[in-house]
Each structure stands twice: as structure tokens, then as C-alpha cells.
Amino acid sequence: MAHDYNNILQKLCHHIGRFASSGIEIVPESDLINQLAIDSVKLLNLVMEIEDEFDISVPINVLADVQTVRDLADLIHKIKSAS
Amino acid sequence: MSLLDKLDTGAAARKALLPEGIDVFGTPIEEVYSSTEARVGGRRILFFGTNNYLGLTFAPECLQAAHKAIDSEGTGTTGSRMANGSYSGHRALEKEFADFYHCRSSIVFTTGYQANLAMISGLAGTNDVILIDGDSHASIYDGCRLSGAEIIRFRHNDMADMEKRLRRLGERTRSTLIIVEGIYSMLGDQAPLADIVKIKNSYGSMLLLDEAHSLGVLGQTGQGLVEEAGLIDGVDFITGTFSKSLGSIGGYCVSNHLQLDQIRYVSRPYIFTASPSPATIASTRAALKLLRDGTELRKKLWRNARKLYSRLDELGYLLGPEPGPVIATILHSPQQAMMLWKGLFDYGIYVNLILPPAAPEGNSLVRCSVSAAHTEEQMDYVGNTFAELRKKIFK
Ligand SMILES: Cc1ncc(COP(=O)(O)O)c(C=O)c1O
């Protein structure tokens with residue numbers, strides 16, 4: 001379980017890195033919008049990459065509650081566990 | 001941050017980007033000369049950014065019908081379609097739309113924006129899924145949000161990507177609504193409708209097609225992409241607007257599903273707003289006839305569209321994937337887009353400027369819309385101006 005979660009986090013950070021402002025360290029506590037400069041449109045495109053990476057469906061309406069990298073990892077973990 | 005501080009922050013960012021002395025996002029039109037020309041800032045300006053595809057805003061038949069309606073029925077209905085706002089004109093127009101598409105029934109809405117809101121939120125709910133193209137218009141996104149359904153996006157016009165996302169849904173595809181547009185408002189390209197219909201049938205989903213930009217533009221009688229592709233039976237619901245090729249304001253949905261009528265009783269954007277004014281309905285009815293019989297207008301529109309697309313392509317501008325009445329030049333920075341927009345404006349040409357995040361993929365767009373009413377001279381003038389600016393801006 002913990003292994004799964006870390007694996008998700010690691011893969012997620014890789015994808016986030018392609019959207020975030022360069023040169024900023026990505027940690028679980030990073031705020032997607034305010035620290036990593038991932039605006040609403042980037043976030044939607046990031047979600048498509050996440051869906052493909054983990055072979056899951058992530059409805060964009062659940063993103064309202066996502067603020068940090070960890071929130072997003074939790075969400076992926078929850079969806080993956082349920083499927 | 002207070003509510004007003006948030007607005008101040010946004011306003012400061014906007015002002016930093018936009019040039020002073022001209023209101024790009026709210027250009028005041030002082031006097032309208034024709035369907036293609038107006039006075040702006042005391043100067044004569046050529047419209048190349050309206051959606052007046054067939055140039056019908058001054059068609060004598062439409063003007064006359066509107067005048068007559070306003071004199072006999074007044075300036076407004078002052079009521080919802082559900083209450084006192086369904087005049088015989090509204091019902092006649094619904095019948096005419098259904099006949100035009102050879103479909104069972106139709107509903108008229110107050111705007112195209114509300115047609116999408118009403119149809120999407122009326123069809124899908126909390127436990128359903130809506131699968132939309134990533135480049136969908138804001139009215140589609142907002143309709144999805146209003147519905148409370150789960151929203152999944154697929155990559156623009158990418159059928160493998162769409163199918164992959166359907167596959168992941170498993171059994172839920174049977175309560176899934178797929179939404180695409182006939183011609184996309186951003187890049188002006190068309191949806192691969194035959195493939196979409198095939199895929200949606202194999203997964204047992206429903207399909208809604210927004211023909212906002214393709215009504216009057218595609219198909220022998222101007223029904224839109226659905227007619228061009230010969231697929232009227234493959235599409236469950238078609239929405240569209242009066243605000244483009246029909247030259248007025250309002251929206252519609254047509255369908256062969258009997259259940260369409262129930263939307264009138266459950267859909268808030270249909271119920272909680274006043275119905276279109278009598279003059280609007282009257283001019284739209286006249287315009288729909290002109291549109292249906294407008295083969296020559298369509299030919300002229302496409303001649304103009306192909307001409308401008310190939311001219312800009314030859315000049316080296318990066319364009320949307322295929323020619324059409326919506327021609328988007330894609331710029332990699334908002335500053336460059338701003339310069340091109342301002343350059344065109346200084347030469348007396350009005351086009352649309354679309355900056356991130358409104359434009360796809362973080363790009364900025366300078367978008368032209370071509371009309372059947374544009375003359376050869378106007379087309380040449382615009383082409384030559386783009387050539388001139390190409391040298392100046394991209395030297
Ligand atoms: C694809 C699409 N759908 C719907 C609309 C909304 O139409 P209306 O202007 O009638 O509200 C538009 C108009 O911008 C559009 O581009």
C-alpha cells in the first residue's frame with residue numbers, strides 16, 4: 001500500500017514537472033496553482049496524462065478539492081483502489 | 001483576499017498586457033454601416049471577426065419580418081417559455097427547425113449558450129458521465145458543470161483518445177453523453193463525425209453535436225456537419241445558435257427522440273429566463289429560409305474562406321488544421337498576438353484576439369471569421385495587410 005502510494009507520487013511528480021514552472025522543486029506539499037504555476041487549463045491537460053499513466057478516469061469536477069501535489073496523489077490512489 | 005481585491009488583481013494583469021487607448025475586449029462600435037463595416041473610434045473598420053457567416057444581418061426579408069413583429073407583438077415577451085413567453089412565432093420556428101432537419105421535434109431557447117446549458121443539464125445528472133472534446137466551447141463546459149455529471153475530456157479530435165476514455169468507463173458508457181462541435185470555434189476545424197458515430201454506437205452512448213459554427217456553412221441545405229457527413233440518424237441531439245449564420249440571437253435543439261419535449265419541464269436554463277423577443281423570432285424565421293436556400297451564399301463563403309486560408313498559409317502564418325470560415329492564426333506569445341491584432345486594427349481591420357487561458361495549448365490566437373458578404377476587394381485588402389504585417393512583426 002505505502003509502496004503503491006509512493007509509486008503514484010513519483011510518477012505524478014514526473015508528469016507535473018512537464019507542466020510546472022521550471023526550476024521549482026516539486027514536493028508533496030507544493031501548491032499546484034500558487035507555487036507550481038499550474039493554471040486551470042494546464043491542470044485539465046495534466047489530468048489527461050494522469051488518466052493515461054494510471055489507466056483510470058478522473059472526472060474534472062472532483063478537482064475543485066485538489067490544491068497540492070499530495071491532494072492529487074490521494075485522489076489517484078483513491079480512484080485506483082476503487083477500480 | 002477580499003472579493004474586490006481579487007477583481008483588482010485580475011484587472012491589473014489585464015492592463016499590463018493590453019495596449020492603452022483601445023478597449024480590445026469591448027471595442028465600442030459607434031455606427032454600423034453594413035454587415036461588414038462599422039465606425040470605431042471615428043474610423044471606418046472592416047469586420048473580419050464577426051460570426052455573420054452568410055451576411056444576413058441586413059437581409060431585407062429579415063428586417064421586414066422583424067419590423068412587422070415588433071409593431072404587432074411588441075418589444076418583448078416579458079415571460080418564460082413555460083409561462084406567457086411562447087407566442088405562435090416561437091412554436092412556428094420550432095416546427096420549421098424540425099422540418100429543416102427532417103426531425104421529430106425541436107426546442108427554441110433564448111441563446112445558444114442556454115441551449116447547451118439546458119440540453120446538457122437536462123440530459124445528464126449526478127450519476128452520469130459526459131465525455132467532451134478538450135477544445136469545447138465554454139457553454140459546453142458550463143452545461144456539464146450545471147448537470148453535476150462526471151466530466152471527462154478527450155484530446156481534441158483524437159478518436160483513439162476518445163475511445164480509450166470510453167473503454168475505461170466500462171458499463172457506464174450506457175449512461176454517457178458524448179459532446180462534440182461541427183466546426184470548432186477556436187481553430188475552425190471539423191469533428192470526424194463518422195468515426196464518432198461509429199464509436200458511440202459501439203459503446204451504447206448518446207451523442208450531442210453543437211452546430212453553432214457549422215449551421216448554414218456545411219451541407220447542401222446548410223444543416224451543418226450532420227448533413228455534410230450524411231449522418232443525421234447517428235446523432236441524438238443537435239444544438240445550435242441563431243447568433244451566427246442566422247444573424248440574430250437565440251438557440252435551438254433538434255432531435256428524433258420523443259423525450260426531447262420533457263426538457264421543457266426539467267431544464268432550468270429553458271424555464272428561468274424570458275423567451276426571445278418577437279422581432280428576434282421573426283427575423284430568425286426569415287433567415288432560416290434564406291439559409292436553407294442559400295447555396296450561392298455558401299459557395300461564396302467557402303470561396304472567401306479558402307482564399308484567405310491559402311493566402312495566410314503561403315505567407316507562413318501558422319494556422320488551424322483545415323480551411324473554413326473560422327481561420328485562426330496561432331501565435332506563441334500573447335505579445336506577438338497583441339502586435340498582430342493591433343497592427344490589423346491600425347489598418348482598419350477588426351478580428352478576434354484570444355489569449356491564454358481561453359485559447360488551447362497555452363497559445364494565443366488572432367482569429368478571422370469570413371463572411372459570404374465580404375467582397376473580393378475586402379478579401380484582398382485583408383490578405384495584403386497580413387502580408388505587410390508579416391514583414392513587420394516577424395522580421
Ligand atoms: C460552439 C459554440 N456553442 C455555443 C455558442 C453560444 O451561442 P450564443 O451566442 O447563441 O449564446 C457559441 C458562441 O460563441 C459557440 O461558439
Side-chain angles (χ1 to χ4, degrees), chain A residues 4 7-8 11-12 14-24 26 30-69 71-83, chain B residues 1 6 9-10 13 120-121 124-136 138 140-156 158 160-173 175-177 179 186 334 354-364:
Chain A
D4 276 0
N7 193 16
I8 287 172
K11 284 180 177 160
L12 175 60
H14 166 74
H15 287 284
I16 289 176
R18 306 190 335 107
F19 288 91
S21 312
S22 55
I24 297 176
I26 301 165
S30 305
D31 185 296
L32 293 168
I33 296 174
N34 297 320
Q35 290 176 305
L36 303 179
I38 295 184
D39 63 29
S40 56
V41 175
K42 282 187 189 164
L43 183 60
L44 294 182
N45 292 334
L46 170 64
V47 163
M48 290 205 273
E49 293 208 353
I50 290 170
E51 290 184 311
D52 291 344
E53 172 70 61
F54 299 101
D55 196 24
I56 52 173
S57 298
V58 182
I60 61 178
N61 16 1
V62 299
L63 296 174
D65 297 330
V66 170
Q67 220 177 340
T68 63
V69 173
D71 292 341
L72 199 49
D74 288 348
L75 177 67
I76 297 167
H77 188 250
K78 195 172 109 195
I79 295 175
K80 256 192 103 56
S81 312
S83 65
Chain B
M1 207 190 280
K6 262 191 279 186
T9 309
I120 299 169
S121 67
T126 332
N127 294 315
D128 306 319
V129 182
I130 308 176
L131 187 61
I132 60 173
D133 186 287
D135 277 9
S136 291
I140 294 173
Y141 278 93
D142 292 357
C144 292
R145 226 174 273 151
L146 186 63
S147 77
E150 291 187 10
I151 311 159
I152 309 277
R153 293 163 82 233
F154 62 90
R155 292 186 168 85
H156 175 57
D158 184 336
D161 200 75
M162 180 179 111
E163 177 157 23
K164 185 165 60 182
R165 284 170 165 69
L166 271 172
R167 183 178 42 74
R168 287 190 191 124
L169 293 171
E171 279 298 301
R172 300 187 73 198
T173 56
S175 54
T176 294
L177 176 67
I179 306 178
M186 285 294 153
I354 300 155
L355 301 177
E361 308 296 334
N363 288 316
S364 299

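Values reported hereafter were calculated over all heavy atoms of this structure, with side chains retained and with hydrogens, waters and symmetry mates removed. Residue numbers begin at 1 in each chain, while the letters A, B, ... track the order of the sequences.
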Within-4.5 Å side-chain heavy-atom neighbours: A:Asp55 and B:Arg167: yes

Crowded around A:Glu53 CD? As in, over 12 foreign heavy atoms under 6.0 Å? yes

For B:Leu169 and A:Ser57 the tightest heavy-atom approach is CD2-OG, 3.8 Å

Residue part contacting chain B, namely of A:Leu44, when any heavy atom lies under 4.5 Å: both

Kindly compute the distance separating CD1 (A:Ile60) from CD1 (B:Ile132), expressed to the nearest 0.5 Å. 5.0 Å

Contact list for residues 38-47 of chain A, test side chain to side chain donor-acceptor pair (under 3.5 Å), sequence neighbours left out: A:Asn45-B:Arg153

Measuring heavy-atom distances to chain A, does B:Arg155 have an atom under 4.5 Å in its side chain, in its backbone, in both, or in neither? both

Would you say the side-chain atoms of A:Asn61 pair up with the backbone N or O of B:Arg145, donor to acceptor, closer than 3.5 Å? no

Using non-hydrogen atoms and a 4.5 Å limit, figure out which bit of A:Val58 sits close to chain B: side chain, backbone, both or neither. backbone

For residues B:Lys164 and A:Asp52, determine if any side-chain heavy atom of one lies less than 4.5 Å from a side-chain heavy atom of the other. yes

Return the CD to CZ distance between A:Glu51 and B:Arg168, rounded to the nearest 0.5 Å. 6.0 Å

